[in-house]
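Please read all numbers here as calculations on a predicted model, not as lab measurements.
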Amino acid sequence: MSSKSIFLETHNINNRAAGLGTFNYELIKGLSALDFKNYELTLNTSHPDLLKEEFKDKFKYHRYSTLSRHSLFRVRKKYDLWHSVNQNTKVEPFYCNKYLLTIHDVHFIDEVSPDPNHRLNKLFWAKLQKSTAITYISEFVKTETHKYFNVPDVPEYVIYNGNPVSTLIDTSQFIPNVPVDRPFFYTIGDFLERKNYEALVTMMKLIADFNLIISGNNNKKYGEEIKNLISENGLSNRVFLTGKVSDEGKQFFMKNCTAFLFPSIREGFGLPPIEAMSFGKPVFLANRTSLPEIGGNAANYWENFDPEYMKNILFEGLHDYEINKAEREIIIKNRAASFDWKRSAAEYLDVYEKILR
């Protein structure tokens, strides 16, 4: 039996600091641990040498070019299956045989435009139309997609992301670029308005005995707004921005924080809370979108963002955690362990098999 060819459109792997880059890398890493001898998997990447160094001959490699975003320069080789691992990418096959679409979110409806004729919505609609099957990263994303779009009658699957914290790093030599001499709360993510960091900064006006540390790329408009809010509220000595951090840095802050806070108002999945749970830390999430689905009974939830209310939920949750610490840590760590990239990758491989059978 000749092997079937599968193209994974994974060029977002270059940006590991963002959710999509993490998804691309972790999916590939999970697949690399599996036996897929009946399939030839090709990865799309700007740096084939780097991936080949890590994954050797487990995969084939295609060098990504920005030109391939334009229809005339699309990938011309015919593959048995094309996996579009991100619903927003403009990279598409020139010849389309079978097509698997993975949907992470439809935030663009709220954040860009609900107009069906907007270019992003048209791009997404075209992907839906050519799909042989669709995977979603949460039930919430599936529900939202059906709410806004007439989804074709094709097989649909919900495959949860895995937990990126597969190995614990020795952080004893890590030197943070912000003060950690007082107890602190931690959060991490790209500086986008949906992350709702202003709710945390405003709450910190009411909390004297803790610092707040926020990691992520803050060189954007929203980053400037948060910096100004910190300054205007006289919190420059208690709320600190680290900028982007390495995996070592992220694990250092998660390991040493008092709690992980994530008041995001829109998430297709939300990886950071799961990562923080790996360290048995109490997590506090907005009761919005996919977050209750991901945090389950292991997390605490804010129903709204009134600063006094947020502070009360935070300290009630911390008190409950402290008096039941051994039991709560087990529940939290078990929740984190229930999200596993090797299992997720196996589920994607199973979808490939169903499509190509």
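Taking the six-membered ring where the residue is Trp, H11 and Y64 present parallel rings, their angle staying beneath 30° rather than reaching 60°. Using cut-offs of 30° and 60° on the angle between ring planes, the pair F253 and F174 is perpendicular. Note: F262 and F260 have parallel aromatic rings, judged against thresholds of 30 and 60 degrees for the angle between ring planes. Using the six-membered ring where Trp is involved, F7 and W82 have ring planes that are parallel, under 30° apart on the 30 and 60° scheme. Ring geometry, F185 versus F210: the interplanar angle falls under 30°, so the pair is classed parallel (tilted spans 30 to 60°).
Under the 3.5 Å distance criterion, with hydrogens and angles disregarded, no donor-acceptor pair is assigned to the side chains of R238 and N211. Using a 3.5 Å distance cut-off with no hydrogens or angles, the side chains of S5 and D80 do pair a donor with an acceptor. Between the side chains of T10 and Y25, not a single donor N or O lies within less than 3.5 Å of an accepting N or O. Using modelled atom types, one finds no donor on one side chain facing an acceptor on the other under 3.5 Å when comparing K37 with S3. Counting only N and O atoms by type, the side chains of Y160 and E293 include a donor and acceptor under 3.5 Å apart. Residues T242 and S215 have side chains that bring a donor and an acceptor to within less than 3.5 angstrom of each other. Looking at D320 and N324, their side chains do bring a donor and an acceptor atom within 3.5 Å of each other. Using a 3.5 Å distance cut-off with no hydrogens or angles, the side chains of T89 and N12 do not pair a donor with an acceptor. Judged by distance alone, the side chains of K227 and N218 do bring a donor and an acceptor atom under 3.5 Å apart. No side-chain donor-acceptor contact under 3.5 Å links T45 and H62. Side chain to side chain, D115 and S113 fail the donor-acceptor criterion of an N or O pair below 3.5 Å. In summary, the side chains of H83 and Y348 do not present any donor paired with an acceptor at a separation below 3.5 Å, with no hydrogens or angles considered.
N161 contributes atom CG, which lies 9.5 Å from atom OG1 of T22 (distance to the nearest 0.5 angstrom). Rounded to the nearest 0.5 angstrom, K60 NZ and L51 CG are separated by 15.0 Å. A distance of 11.0 Å separates CE in M204 from OG1 in T202, rounded to the nearest 0.5 Å. Taking CD1 of I13 as the start and CD1 of I28 as the end, the distance is 3.5 Å to the nearest 0.5 Å. To the nearest 0.5 Å, atoms CD1 (I159) and CZ (F269) are separated by 12.0 Å. Residue L314 holds its CG atom at 5.0 Å from CD1 of I207, rounded to the nearest 0.5 Å.
Close placement of the F59 and F36 rings is indicated, their centers lying within 6.0 Å of each other. Within the 6.0 Å centre-distance limit, the rings of F23 and H104 are counted as a close aromatic pair.
Taking each heavy atom of M310 and L200 in turn, the nearest pair found is CE-CD2, 4.0 Å. Residues N217 and N219 come closest through the heavy atom pair OD1-N, 3.2 Å. Taking each heavy atom of K127 and V91 in turn, the nearest pair found is NZ-O, 4.4 Å. The two residues E329 and G280 have their closest heavy-atom pair at CG-O, 3.7 Å. When every heavy atom of L285 is checked against every heavy atom of G295, the shortest pair comes out as CD1-CA, 4.1 Å. When every heavy atom of N287 is checked against every heavy atom of P292, the shortest pair comes out as OD1-CG, 3.0 Å.
Of the possible donor and acceptor atoms, none in the side chain of Q251 sits under 3.5 Å from a partner among the backbone N and O of T171. Using a distance-only test at 3.5 Å, with no hydrogens or angles considered, a donor-acceptor pair links the side chain of H118 to the main chain of L120. The main-chain N or O of S138 is never found under 3.5 Å from a side-chain atom of S290 such that the two would form a donor-acceptor pair. Listed for the S32 side chain is a donor-acceptor partner under 3.5 Å among the backbone atoms of K29. Panel note: side chain R76, backbone Y95; no donor-acceptor pair is recorded below 3.5 Å. Proximity of a side-chain donor or acceptor of N233 to a complementary backbone N or O of L229 within less than 3.5 Å is detected. Between the side chain of S131 and the backbone N or O of I134 there is no donor-acceptor pair closer than 3.5 Å. Between the side chain of Y309 and the backbone N or O of E303 there is at least one donor-acceptor pair closer than 3.5 Å.
Linking Ile, Leu, Val, Met, Phe, Trp and Tyr residues whenever their side-chain heavy atoms come within less than 4.5 Å leaves I188 and L192 in two separate clusters. The cluster map of Ile, Leu, Val, Met, Phe, Trp and Tyr, joined by side-chain heavy atoms under 4.5 Å apart, puts Y222 and F305 in the same cluster. Using a 4.5 Å cut-off between side-chain heavy atoms of Ile, Leu, Val, Met, Phe, Trp and Tyr, with links allowed through other members, L50 and L31 fall into different hydrophobic clusters. Under the 4.5 Å side-chain heavy-atom criterion for Ile, Leu, Val, Met, Phe, Trp and Tyr, F284 and Y301 are members of distinct hydrophobic clusters. I175 and F184 end up in different hydrophobic clusters when Ile, Leu, Val, Met, Phe, Trp and Tyr side chains are linked at under 4.5 Å.
At a threshold of 4.0 Å, the pair R266-E111 counts as salt-bridged, since one of the basic side-chain nitrogens sits closer than that to a carboxylate oxygen. A salt bridge links K195 to E267: at least one charged side-chain nitrogen sits closer than 4.0 Å to a carboxylate oxygen. Comment: E275 engages K250 in a salt bridge, judged by a side-chain N to carboxylate O separation of less than 4.0 angstrom. The pair E224-K220 fails the salt-bridge criterion, with no side-chain N (NZ, NE, NH1 or NH2) lying under 4.0 Å from an Asp/Glu carboxylate O. Salt-bridge check for K52 with D57: passed, with a basic side-chain N closer than 4.0 Å to an acidic carboxylate O.
In this structure the side chain of F252 never reaches within 4.5 angstrom of the side chain of V245, judged on heavy atoms. At least one side-chain heavy atom of L168 sits under 4.5 Å from a side-chain heavy atom of F279. N163 places a side-chain heavy atom less than 4.5 Å from the side chain of S278. Within the 4.5 Å cutoff, no side-chain heavy atoms of L27 are placed close to those of T102. Using a 4.5 Å heavy-atom threshold, the side chains of L100 and I355 count as touching. Between Y352 and L81, the closest side-chain pair of non-hydrogen atoms falls below 4.5 Å. A heavy-atom distance below 4.5 Å is found between the side chains of L123 and K90. Put simply, the side chain of K78 does not reach to within 4.5 Å of the side chain of N97, judged on heavy atoms.
Judged as a ring-ring contact (aromatic ring centres under 6.0 Å, His included), and not counting sequence neighbours, H107 has no contacts. Partners of F124 according to the ring-ring contact (aromatic ring centres under 6.0 Å, His included) rule, which considers only residues two or more places apart in sequence or in another chain, are F108, F149.
Geometrically, K281 does not engage Y321 in a cation-pi contact defined by less than 6.0 Å to the ring centre and at most 45° from the axis.
For K58, the NZ atom sits in a packed shell: over 12 heavy atoms of surrounding residues, nucleotides or ligands are nearer than 6.0 Å.
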query: Between E92 and Y99, does a side-chain hydrogen bond (donor to acceptor under 3.5 Å, both in side chains) hold up when you go through it step by step?
result: CA-CA 10 Å; E92 294 286 359; Y99 188 92; 2.9 Å; yes
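Tested against E156 for a side chain to side chain contact (heavy atoms under 4.5 Å, CB included), the candidates T135, I103, V151 yield a single pass: V151.
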